[in-house]
Amino acid sequence: MTRQKRLILDLMRQSPRHMTADEIFAQARQQMPNIARGTVYRNLKLMEQAREIARLEMPQGPDRYDKTSAPHGHLYCDGCGDLQDIPVVGLVKEIESAIGTEVRSYQLTIHYLCPACRAKNAQ
Ligand SMILES: [Zn+2]
Ligand SMILES: [Zn+2]
């Protein structure tokens with residue numbers, strides 16, 4: 001593993017967020033000032049192909065990256081674009097028992113308004 005890839009993975013694992021490639025690049029550059037944008041993009045693509053991470057297509061704006069390719073659901077705020085993980089193991093189990101076989105993969109995004117946006121709307 002190259003130093004660059006190690007740094008990118010560490011940054012992703014330490015962040016609670018799902019960052020865009022540009023956000024990852026900005027953070028990487030703080031710790032490795034001579035890292036090139038292309039290097040970050042190339043590493044993200046390779047890691048995505050190796051299923052070490054996952055790329056998430058967003059309803060609006062650039063793709064974001066997930067530190068794991070293990071399946072899980074997401075909560076997406078239509079107001080501010082905030083994205084959070086939600087566990088959906090129970091839901092998937094229900095679907096498996098309904099279809100009588102194993103779910104092989106899924107993408108699940110629940111759209112909602114986050115507490116901050118709800119508070120803003122209520123004003
Ligand atoms: Zn919001
Ligand atoms: Zn996620």
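Indexing begins at 1, ligand by ligand and atom by atom, following the structure's order. Small disclaimer: the values here were computed from a predicted structure and weren't measured.
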Starting from the Zn ion (ligand 2), look over the N/O/S atoms of His18 and name the nearest one. NE2
Is it true that Glu52 and Lys5 have a side-chain N and a carboxylate O under 4.0 angstrom from each other? yes
Side chain Lys120, main chain Gly79, donor-acceptor under 3.5 Å: no
In Asp85, what N, O or S atom is nearest to the Zn ion (ligand 2), if we give its atom name? OD1
Verify whether one side chain among Gln123 and Asn121 offers a donor that lies under 3.5 Å from an acceptor in the other. no
Is it true that Arg37 and Asp22 have a side-chain N and a carboxylate O under 4.0 angstrom from each other? yes
Angle at the Zn ion (ligand 1) between SG of Cys80 and SG of Cys77, to 10°? 110°
Heteroatom of Asp66 nearest to the Zn ion (ligand 2) (N, O or S, atom name): OD2
